[in-house]
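This report concerns only the one structure given below.
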Amino acid sequence: MVIKLHDTLSREVKALEKRAGEPYKVYVCGPTVYGPAHIGNFITFTRFDVLYRTLKVAGYEPYYVRNITDVDDKTIKRSQEEGLSLQAFTEKWTQKFHDDCAALNLLEPDVEPRATEHLQEQIDLVEKLIEKGNAYVGGDGSVYYRVTSFADYGKLAHFDPEQLRTQDTNSAGTANLADEYEREAVADFALWKAQKADDGANSWPGPRHPETGERIAGRPGWHLECSAMSMRYLGPSFDLHGGGEDLCFPHHENEIAQSEAATGETFCRHWMHSTHLLVEGKKMSKSLGNFFTIEDLLEKGYAPAAIRLAFLQGHYRQQFNFTLSGIDAAKSGLEKLEKGLQPLLEKAGMSREQFTGLVPPFAENLGAFQNAWNALCHDLNTPAALGSLFSAVKRASKQAETAEDAQAALRAAATLLFALGLPLFAAQEAEPEAVEVPSDIAELAERRWQAKQSKDFATADALRAELTEKGWQVLDRKDGYDVVQA
RNA sequence: GGCGCGGUAGCCAAGUGGUAAGGCCGGGGACUGCAAAUCCUCUAUCGGCGGUUCGAUUCCGCCCCGCGCCUCCA
């Protein structure tokens with residue numbers, strides 16, 4: 001099956017081309033580990049996870065690289081504030097990131113390179129750019145990329161190069177001239193930042209100065225690590241590169257400039273960007289109280305699978321409004337899917353464990369689930385896929401006549417659920433039990449049961465009302481009853 | 001200012017030149033003494049005004065409203 005995706009560079013929905021005999025090479029810009037990632041970060045990573053899974057199911061044999069940026073202004077500053085070494089600090093947050101990824105059922109990338117572990121590749125790249133005339137040492141001793149040396153600069157973000165060169169204010173309206181003496185042009189960006197006093201111990205011998213031949217102490221600039229690491233693991237030209245929409249410019253634009261100037265080859269054939277989310281209708285911010293980490297949501301009692309489903313209810317190129325009530329809705333939806341599959345499991349003679357143990361993909365007709373799959377293949381349309389998935393579960397239950405039918409439908413369902421990364425039947429361990437029923441409540445419930453047994457419904461109803469008032473609910477069974485908190 | 005996106009039922013959200021998927025919530029019904037659960041079922045002419053067309057929610061133009069990037073924020 002061919003997957004089609006919108007490409008930022010051409011601004012078209014294009015078929016992804018798998019090169020025979022080669023894996024499909026994907027690079028996604030991972031987190032900068034200076035604190036807990038928030039749901040905005042994770043909706044992006046979840047979307048790329050769905051892409052990765054979909055590529056797997058479709059037979060693209062994806063090779064997925066997602067980096068960890070563990071050196072920049074923020075990581076250095078915060079580690080110093082906490083009195084930790086950069087390494088210890090970033091390790092802590094990397095671990096936290098991994099925990100959250102696992103909670104959200106994100107598959108691990110094939111490689112997860114860290115910036116500080118690939119300094120040599122970055123230094124080599126800078127030296128090559130200096131050598132080719134694309135980079136220079138600025139007034140402050142840092143190495144800058146000469147934007148005018150790259151004719152295609154601006155092609156990804158579709159910005160006018162001339163305007164970029166001459167733009168003297170940024171979008172906040174502030175002057176863009178702070179370091180005009182350090183750089184030749186305002187659009188030039190740092191490849192290697194010369195050591196500063198407040199960098200502390202976070203300095204490495206860098207590229208050689210073109211005149212003195214001495215290594216410039218400092219640290220890599222932003223953008224550089226992604227060029228160096230993507231080419232290290234995927235080669236000078238690979239298939240797909242992605243990240244959040246904010247990375248389109250300047251980050252990805254600069255990656256292209258660095259990489260293509262150095263290699264002369266097309267850096268990447270397809271660019272995918274994930275639109276930012278709104279939370280409760282507003283841009284997420286701490287002051288508005290709508291800023292959430294995964295941990296925040298888990299502490300509020302939301303199930304990770306419900307969070308994931310809520311993420312997928314929106315299309316990756318469409319502005320999406322994430323809400324807490326949306327997670328509740330997703331939770332109900334998840335339960336509906338599980339209940340909807342029950343008749344198929346029974347007909348197929350399959351247990352829940354056997355079902356969740358199925359390892360897709362299955363190369364066969366997807367039957368009722370074909371539409372859902374088609375939606376995923378068409379620009380990763382997860383909302384449409386989910387819509388079709390719900391319909392398909394219902395339809396498959398009705399249509400399945402034999403155990404074989406049911407089994408085939410379940411394999412198809414498992415394939416779709418794998419692609420979406422939705423773990424069903426996983427939340428069972430969260431059963432209540434722990435809640436103790438107070439003795440007075442238990443006594444009221446027992447009296448109601450006795451009243452009911454003796455057909456004294458008036459008393460039974462009165463007792464039920466009393467229990468409800470106290471926040472408890474009686475659920476009758478054929479041979480008894482349960483008492484739960486309302 | 002430059003580039004771009006969106007406005008579809010109470011909420012979330014697909015989609016199509018020929019009168020609109022799905023999910024949540026809510027209503028009605030069936031079934032249970034009641035309740036819960038379950039099952040069935042119901043709820044939109046697609047921001048406004050023009051144009052093209054046999055026919056537009058879907059194409060074009062204008063307008064209104066909301067939003068994103070151009071800030072080392074995914």
Side-chain angles (χ1 to χ4, degrees), chain A residues 8 11 28-32 34 37-48 69 72-75 154 157-160 163-164 167 169-174 176 187 189-190 193 221-223 242-251 253-254 273-278 281-285 309-310 312-315 317-323 325-337 339 342 371-372 375 378 381-394 448 452 455-458 460-465 467-468 473-478 481-482 484 486:
Chain A
T8 310
R11 291 186 173 175
V28 172
C29 289
T32 302
Y34 63 95
H38 54 68
I39 55 174
N41 298 305
F42 276 108
I43 196 171
T44 294
F45 297 131
T46 301
R47 286 162 170 171
F48 284 106
T69 295
D72 80 323
D73 289 347
K74 290 189 295 292
T75 47
H158 302 271
F159 288 161
D160 174 20
Q163 204 163 16
L164 284 170
Q167 182 173 24
T169 58
N170 61 31
S171 60
T174 51
N176 216 358
F189 57 92
K193 295 186 160 193
W222 190 39
H223 318 305
E245 62 174 333
D246 58 301
L247 297 181
C248 181
F249 189 90
H251 186 56
E253 192 71 56
N254 291 354
H273 291 98
S274 163
T275 302
H276 285 188
L277 51 62
L278 257 37
K282 303 273 191 203
K283 203 170 168 179
M284 187 166 51
S285 77
L309 179 57
L312 299 180
Q313 300 275 21
H315 183 73
R317 286 199 290 124
Q318 200 78 32
Q319 186 165 72
F320 177 62
N321 184 21
F322 183 85
T323 62
S325 65
I327 314 179
D328 287 328
K331 185 186 175 211
S332 300
L334 225 40
E335 287 165 1
K336 183 166 186 167
L337 281 176
K339 284 168 189 162
Q342 204 56 49
N371 285 343
H378 189 92
N381 193 337
T382 55
L386 287 168
S388 296
L389 180 64
F390 279 94
S391 308
V393 168
K394 194 185 260 184
R448 193 205 73 97
K452 176 183 170 175
K455 310 273 183 198
D456 180 3
F457 295 129
D461 288 351
L463 287 165
R464 173 184 286 285
L467 282 162
T468 304
Q473 197 184 10
V474 184
L475 301 178
D476 286 348
R477 284 180 276 107
K478 275 182 185 166
Y481 61 94
D482 293 313
V484 298

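Treat the numbers as computed from the prediction; the structure is a model and nothing was measured. Letters go in sequence order (proteins before strands), and every chain restarts at 1.
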### Query
Picking from A74(B), G68(B), C73(B), which would you name as closest to the side chain of Gln319(A)?
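Taking heavy atoms from C-beta onward, the closest nucleotide is G68(B).
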
### Query
Among G33(B), A37(B), C70(B), which nucleotide sits nearest the side chain of Phe249(A)?
C70(B)

Could you tell me how far apart [X] ([atom1]) and [N] ([atom2]) are, to the nearest whole angstrom?
X: His158(A); N: C69(B); atom1: NE2; atom2: P; value: 17 Å
X: Asp482(A); N: A37(B); atom1: CG; atom2: P; value: 14 Å
X: Met284(A); N: G68(B); atom1: CE; atom2: C1'; value: 14 Å
X: Leu467(A); N: C34(B); atom1: CG; atom2: C1'; value: 13 Å
X: Asn381(A); N: C12(B); atom1: CG; atom2: P; value: 18 Å
X: Leu475(A); N: A36(B); atom1: CG; atom2: P; value: 10 Å
X: Lys74(A); N: U71(B); atom1: NZ; atom2: C1'; value: 11 Å
X: Tyr34(A); N: C73(B); atom1: OH; atom2: P; value: 6 Å

### Query
Quick one: what's the B/S/- string for nucleotides 20-28 of chain B, heavy-atom cutoff under 4.0 Å, read 5' to 3'?
-BSSSS---

### Task
For RNA chain B, list all stems, counting runs of three or more consecutive pairs where every pair is Watson-Crick or G-U wobble with both distances under 3.5 Å.
B:1-7 with B:64-70, B:10-12 with B:22-24, B:26-30 with B:38-42, B:47-51 with B:59-63

### Query
Got a donor-acceptor pair under 3.5 Å from the side chain of Arg464(A) to the base of G33(B)?
no

### Task
Mark yes or no for a side-chain to base donor-acceptor pair under 3.5 Å between Asp461(A) and G33(B), with no hydrogen or angle criteria applied.
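For Asp461(A), whose side chain was compared with the base of G33(B), there is a donor-acceptor pair (under 3.5 Å).
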
Closest approach of [X] to [Y] (non-hydrogen atoms, all atoms of both residues):
X: Ala310(A); Y: Phe320(A); result: O-CZ, 3.1 Å
X: Pro31(A); Y: Phe45(A); result: N-CZ, 3.7 Å
X: His273(A); Y: Gly244(A); result: CD2-O, 3.5 Å
X: His251(A); Y: His223(A); result: ND1-ND1, 2.9 Å
X: Phe42(A); Y: Ala37(A); result: CE1-CB, 3.4 Å

So what does [X] hit on the nucleic acid, given a heavy-atom distance under 4.0 Å: a base, only sugar-phosphate, or nothing?
X: His38(A); value: base
X: Lys331(A); value: nothing
X: Phe320(A); value: sugar-phosphate
X: Asp476(A); value: base
X: Gly40(A); value: base
X: Arg477(A); value: nothing
X: Leu278(A); value: nothing

Reported [atom1]-to-[atom2] distance for the pair [X] and [Y], which is rounded to 0.5 angstrom:
X: Lys282(A); Y: Asn321(A); atom1: NZ; atom2: CG; result: 10.5 Å
X: His378(A); Y: Asn371(A); atom1: NE2; atom2: CG; result: 13.5 Å
X: His276(A); Y: Asn41(A); atom1: NE2; atom2: CG; result: 8.5 Å

### Query
Could you go step by step and tell me if Thr75(A) and Asp72(A) meet the side-chain hydrogen bond (donor to acceptor under 3.5 Å, both in side chains) rule?
CA-CA 6 Å; Thr75(A) 47; Asp72(A) 80 323; 2.7 Å; yes

### Message
Can you see if the side chain of Lys283(A) gets near the phosphate of C69(B) - specifically, an N or O under 4.0 Å from OP1 or OP2?
### Response
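So the side-chain polar atoms of Lys283(A) do come within 4.0 Å of the phosphate oxygens OP1 or OP2 of C69(B), strictly under.
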
### Message
Tell me whether the side-chain N/O atoms of Arg11(A) come closer than 4.0 Å to OP1 or OP2 in G4(B).
### Response
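Yes.
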
### Stacking of His276(A) on A74(B) base (centres under 5.5 Å, planes under 30°)
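Check passed, His276(A) stacks on base of A74(B).
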
Write down the distance separating the [atom1] atoms in [N] and [M], rounded off to the nearest Å.
N: G18(B); M: U58(B); atom1: P; value: 12 Å
N: C42(B); M: A20(B); atom1: P; value: 14 Å
N: U45(B); M: U38(B); atom1: P; value: 31 Å
N: G66(B); M: G48(B); atom1: C1'; value: 15 Å
N: U43(B); M: G61(B); atom1: P; value: 36 Å
N: G15(B); M: A9(B); atom1: C1'; value: 15 Å
N: G6(B); M: A13(B); atom1: C1'; value: 13 Å
N: G7(B); M: C46(B); atom1: C1'; value: 10 Å

### Message
Give me each pair satisfying side chain to side chain donor-acceptor pair (under 3.5 Å) with a member in residues 326-337 of chain A, each pair once, sequence neighbours excluded.
### Response
none

### Residue whose nearest RNA chain B nucleotide is more 5′ - Thr275(A) or Cys248(A)
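Nearest-nucleotide comparison on RNA chain B picks Cys248(A).
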
### Task
Report the residue (His223(A) or Phe159(A)) whose heavy-atom-nearest nucleotide on RNA chain B is the more 5′ of the two.
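Taking each residue's closest nucleotide, the earlier one in sequence belongs to Phe159(A).
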
### Query
After noting the C-alpha distance and the side-chain angles of Arg448(A) and Asp476(A), does the key distance pass the side-chain contact (heavy atoms from CB on, under 4.5 Å) rule?
CA-CA 11 Å; Arg448(A) 193 205 73 97; Asp476(A) 286 348; 2.5 Å; yes

### Test log, rule side-chain contact (heavy atoms from CB on, under 4.5 Å), inputs Leu467(A) and Gln473(A)
CA-CA 6 Å; Leu467(A) 282 162; Gln473(A) 197 184 10; over 6 Å; no

